[in-house]
Structures are given as C-alpha cells and as structure tokens.
Amino acid sequence: MASLSPIPNFINSVWTPSAATEALDVVNPATAAVLAKVPLSPASEVDAAVQAAEAAYRTWRRVPPQERIQYLFKLRQLLLDNMDEIARTITEENGKTLGESRAEMQRALENIEVACGIPTLMQGYNLEDIAPGIDELMIRQPIGVTACIVPFNFPGMIAFWFLPYAIACGNTMIVKPSERVPLTMQKIFALLEQTGLPAGVVSLVNGGRATVDALLDHPAVKSISFVGSTAVARHIYTRGSANGKRVQCQGGAKNHVVVMPDADLEMTTKIVSDSAFGCAGQRCLAVSVAVTVGEAQGRFRDAITGMASTLKVGYGLDPGSQMGPVITPESKNRIAQCIEQGAKEGAKVVLDGRAARIPGYESGNFIGPTILDGGSVNGALAGTEIFGPVLTLAHADDLDQAIHLINSNPYGNASSIFTTSGVHARKFRYEVSTGNVGINIGVAAPMAYFPFSGWKDSFLGTLHGQGRDAIEFFTDKKVVVERWPAEWSRKF
Ligand code: NAD
C-alpha cells in the first residue's frame, strides 16, 4: 500500500500527476482499507488549472448555449451507463449504502437535466421604445473562471449543484473535491473527458486547505461555491470576498422536526428514523432534534426507539445494510463525545450505538443509531452539529414553544413538522426561521429547479445552489440602451 502513487489532477484535459510533497490516505470507512492516496496539490497546480480555465473561457463563452448543453446530454447518459460503478465508489470511500449512493447520483442527474434548459433559463429581457426610437435590453453573460469546493458527505452529488449550470452558462469550472473522498470525482471526470468537452472547460484539483486558499487568492478566479462546515464556510466567505470574488457558502446544520399530537404516528416514525439515521446522520438535512408537542412525547419516544433499534448497521456494499459507518475514527470519537456531553447535560441515552461492533468489519468506524431523551435545550449540545446517527428528543408544551426552540438555534438549514392539521402546518411554514421546510417530509431536499435554501449560520451569501439562483450566480447582467435612427438608412 505504501507504494500507491497519488491520484492525478485533471488539468487542461490531461490527467496530470501532482508534484505535491504531501499525500493523504483515502480510507474505506467500513473496512479501514487504504483505497488510494490523494495529493495536497500546491498553489502552482491551482495556477495551472486556472490558466487553462482562463484560456478555455475565451472560446467556450462563444460556443452557442444550444451546443454547450450537448455535452451535458452526453454526460447524463454516460453517468447513467456507469451508475453502478460510481455508486460503488461512493460507498467504498464514503461508507453510505449502495442505495443511498445511487440516490445521490440521481440528484446529480436532475441538476444536469435542469441545466440543459440554459438556452431558455439564461435569457435576458428587453423593452422597445423606452424613449422614442430607443430600446433597452438585459443580456446575461458568463463571469469567467469559477470554482467549487465540496464536502465528504456527498462525493458525487454536490459538485452538480454548481458545475452543470456554470459551464452551460459559458463559464469554466475547477472542482476541488473533499480529500477524504476524491475517488468518485476521478470517475466522474473520466466521463467528463469522454464527452469531448474542450480542454480547460472543467478541471479537477485535489487537495486540502492550502489548495483551497490558492483558489481563494487567485485573481483570475471570479467565483467560489462552497459546501461544508460553518467554520470553514466563514473562512472561505471572508477571504474570497475580501479578494473581490462572488462567493456562496452552504454551511453546517442542526435540523429539528416537530411532532404534533395529531401526527400520523406510523408514517412519522418511519420518516424521522430515515431522516436521522440515513447516511449515518451525515446529511446536512438530517434531523438532529425531534421536538414532541404535548402528548406526542411518550408514544413517539417509544415508537422511534423501537424502529431505530431494528436498523441493520453494516458495510454499505453488503445487501441488507441499512446504515453504514461514519467517515473517520476521529468522527466516531467526536460523535461519542457528543453523546457523552448530552448525557452530562441531563439527557437519558435510551438507545446507545457506541458499542456497535460489526462482525467482519471490526476496524470500521461504526456507531449504531443513538437516541438521547431530554437534556438541556440551552446546553452546548443544542448548538452543536453532531453529524452522526444521533437523534435528540426534546419536548414542548405547544407549537409556539417548539417554533421558538428552532428559531433560537444558530443554524437554519432545515426543519419539518409532522401533523394532520393544516392550521399547524401553515403556522409552522410561516414562522419558522429555516430556509428548507418539510411538512410531513423528513428530508426537505429541494429539487434541482429550486434553490437549496439554508438560512442563518447554515448559509453565507445571497444566491444559493441549484436552479434559477445558479443561473443568477454564474452570470453577470449587462444592460444595453441603443438608438438606431431610421434616417441613417438614407444617409449611409
Ligand atoms: P469541511 O468544512 O471540513 O470541508 C469541506 C471542504 O472544505 C473540503 O473540500 C475541505 O478540503 C475544505 N476545507 C476543510 N478545512 C478547510 C480550511 N481550514 N480551509 C480551507 N478549506 C478547507 O466539511 P466536511 O466535513 O467535508 O463536510 C461536512 C460538513 O458539510 C457538515 O458541516 C455539513 O453540514 C456540511 N454540509 C452542508 C451542506 C449544505 O447544503 N448546507 C451540504 C452538505 C454538507
């Protein structure tokens, strides 16, 4: 294993070995097997990618939108044809189940499909005769070299919140995958290469912090799209915008669901269980706290504990596994400490996954579904993103109190309500301060034609990923006021 050479970057349509002096192991979180080495690419390699992207931009922006999207149609088909292999790679490096990996790639495909509408979506608007004989038009133009920096928890999907829109609008894009899961993007870029996209339109640069900082500091990079933790989002937003770039940063989360006494218990329990424990809780839309209102408390606690305790934890490639491991041993330790913290703050650990041992995978980072009942609603844990398979149960006397609890949380990524009452549902939708809201939905993930809309500490910027926001983010508006006097046709 020590002889593995680091995976290459993809710069100017050439698979280029990195000259990095440091490389990290890419480790299967279920088996602890080293799958590959990932280079921490230096600034010089970022510069090479930016130069290729800048050169490509000059001609790519002139390619008609209708022709630009033909590459996306090809990519969509190639992704479909290679779905099994990509899903397998996601599971091997990230740990989620094969079904979850396929579902993630389905979301990637949907973003490509929406971006194929660019010839319509990118249109501006105009008005004749704003004054006699004078017309005014707004044209959208691409902005140039763009970059996206993405997290470990969706190795395939998240770059697609940005990349199809960026390039369909006539920009070029550099992708910096998470150094913990860089292999999925290797596969996806091999398919991008097969589409025949002109050299430099898309580039892949592997690395970590220094690679990101080189992108943030490079004067030719016009925009940064980031998804990851809030602490890093703050750094990226501050440094990127200080350097004059357009920046959008989707950060961390602490999502709540409210379970009303009138909720359909069976449906609610199943959906909340999937939301809390799917992808081992490593989803920015995972529910972290279930707030029961009134008499929902006892029956929901019993039902969710019963359901969570039946989940089959195992290797994502093994059929029948319903929940995989968390990403690293450090994550596992951190999650265990969060559980300990919850207990210290008065919660009862009604289901404890810390001792999970999976036969045949003793070296994996497994932690079973865990439920904390009660504990301080103002304690340290209440403001901490756990990002693991841990559900906290809190209680409120009424819906107002439940909404207050959510609105007091620093994060605002998502929240949901489970109820059979339209009155409760509307009040919740109206008053809650999160950008994505579910009503009888556990993971309120916006479809590709809607913005992925976190609020508060879950988002820094103005325009979100996906859909119309992406078109707005990846274009500049140019307004033209023009006069063509009719008498010139006689004079000239
Ligand atoms: P992370 O913030 O550690 O890393 C994200 C990216 O930033 C990676 O590419 C990483 O290389 C880079 N990075 C890390 N530290 C850096 C630093 N100091 N300077 C510059 N770059 C740095 O996030 P993660 O652990 O990979 O992913 C999990 C986090 O992502 C969670 O907080 C989760 O909520 C969040 N997330 C949010 C959304 C959303 O839409 N809001 C979606 C998915 C994940």
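All values below come from the heavy atoms of this structure, side chains included, with hydrogens, waters and symmetry mates left out. Start at 1 and go down the list; that is how both ligands and their atoms are numbered.
Ranking the protein heavy atoms by distance from atom 27 (O) of ligand 1 puts Pro151 CB, 3.2 Å first. Regarding atom 23 (O) of ligand 1, its nearest protein heavy-atom neighbour is Ser229 N, 3.5 Å. Among protein heavy atoms, atom 8 (C) of ligand 1 sits closest to Val150 O, 3.3 Å. Residue, atom and distance of the protein heavy atom nearest to atom 26 (O) of ligand 1 are Phe152 N, 3.0 Å. Among all non-hydrogen protein atoms, the one lying nearest atom 40 (O) of ligand 1 is Gln250 NE2, 2.8 Å. Distance from atom 28 (C) of ligand 1 to its nearest protein heavy atom, with residue and atom name: Phe387 CE2, 3.6 Å. In this structure, atom 19 (N) of ligand 1 lies nearest to the protein heavy atom Arg209 CG, 3.4 Å. The nearest protein atom to atom 10 (C) of ligand 1, hydrogens excluded, is given as Glu179 OE1, 3.5 Å; this is a heavy-atom distance.
Within a 6.0 Å radius of CD in Glu22, other residues, nucleotides and ligands contribute 12 heavy atoms or fewer. In this structure, Arg88 places its CZ atom where only 12 or fewer heavy-atom neighbours from other residues, nucleotides or ligands lie under 6.0 Å away.
Remark: ligand 1 and Arg180 share an N or O pair separated by less than 3.5 Å (distance only, no angle test). In terms of polar-atom proximity, defined here as any N/O pair under 3.5 Å, Asn153 makes no such contact with ligand 1. Residue Val232 has no nitrogen or oxygen atom sitting less than 3.5 Å from a nitrogen or oxygen atom of ligand 1, judged on distance alone. Between Thr230 and ligand 1, no N or O atom pair is found at a separation short of 3.5 Å. Considering backbone and side-chain N/O atoms, Ile236 never comes within less than 3.5 Å of an N/O atom of ligand 1. Considering backbone and side-chain atoms alike, Lys176 places an N or O below 3.5 Å from some N or O of ligand 1.
Heavy-atom contacts of Asn413 reach the following atoms of ligand 1: 41 (N) (cutoff under 4.0 Å). Interface of Ile149 with ligand 1, defined as ligand atoms under 4.0 Å from a residue heavy atom, comprises 6 (C), 7 (O), 9 (O). Under a 4.0 Å criterion applied to the non-hydrogen atoms of His235, ligand 1 contributes the atoms 19 (N), 20 (C). Near Val212, with a cut-off below 4.0 Å to any heavy atom, the atoms of ligand 1 are 20 (C), 21 (N). Annotation for ligand 1: atoms under 4.0 Å from non-hydrogen atoms of Gly251 are 34 (O), 35 (C), 36 (N), 37 (C), 38 (C), 39 (C), 41 (N). In summary, the atoms of ligand 1 found under 4.0 Å from a heavy atom of Phe452, numbered by their order in the structure, are 40 (O). Close approach of ligand 1 to Ile158 (heavy-atom distance below 4.0 Å) involves ligand atoms 42 (C), 43 (C). Of all atoms in ligand 1, listed by their number and element, those nearer than 4.0 Å to a heavy atom of Glu385 are 31 (C), 32 (O), 33 (C), 34 (O).
Every heavy atom of Gly454 sits 4.0 Å or more from the atoms of ligand 1. Heavy-atom distances between Phe459 and ligand 1 stay at or above 4.0 Å for every pair.
At a heavy-atom distance under 4.0 Å, no atom of Gln282 approaches ligand 1. With a heavy-atom cut-off of 4.0 Å, Trp161 touches ligand 1 through its side chain alone. The part of Phe226 lying near ligand 1 is the side chain, judged by heavy-atom distances below 4.0 Å.
Of the candidates Thr146, Asp476, Ile224, Leu463, Asp476 is the only one forming a side chain to side chain contact (heavy atoms under 4.5 Å, CB included) with Arg246. The side chain to side chain donor-acceptor pair (under 3.5 Å) test with Ser41 is passed by exactly one of Thr211, Asn206, Asn9, Thr16: Asn9.
A salt bridge links Asp217 with Arg239: at least one charged nitrogen is closer than 4.0 Å to a carboxylate oxygen. Between Asp457 and Arg234, at least one side-chain N (NZ, or NE/NH1/NH2) sits under 4.0 Å from a carboxylate O, which counts as a salt bridge. Remark: Arg76 engages Glu113 in a salt bridge, criterion side-chain N to carboxylate O under 4.0 Å.
Tyr411 and Asn255 share no side-chain donor-acceptor pair at under 3.5 Å. Side-chain atoms of His218 and Asn243 include no donor-acceptor pair closer than 3.5 Å. Side-chain polar atoms of Thr184 and Glu93 form a donor-acceptor pair below 3.5 angstrom. Side chains of Thr91 and Ser101: a donor-acceptor N/O pair is present below 3.5 angstrom, by distance only.
For Tyr361, the side-chain hydrogen bond (donor to acceptor under 3.5 Å, both in side chains) partners at least two apart in sequence or on another chain are Asp318.
A ring-centre distance under 6.0 Å is found for Trp60 and Tyr71.
Annotation: cation-pi geometry not satisfied between Lys254 and Phe387 (NZ/CZ under 6.0 angstrom from ring centroid, within 45° of ring axis).
Relative to atom 35 (C) of ligand 1, the option among Gly228, Gly465, Cys284, Gly252 with the closest non-hydrogen atom is Gly228.
Note that atom 4 (O) of ligand 1 has no protein non-hydrogen atoms nearby, at separations under 4.0 angstrom.
Sorted by first and then second residue, the ring-ring contact (aromatic ring centres under 6.0 Å, His included) pairs involving residues 455-475 (not counting sequence neighbours) are Phe459-His464.
Across all their heavy atoms, Gly200 and Ala56 have their closest contact at C-CB, 3.5 Å. When all heavy atoms are compared, the tightest approach of Ala147 to Leu215 is CB-CD2, 4.1 Å.
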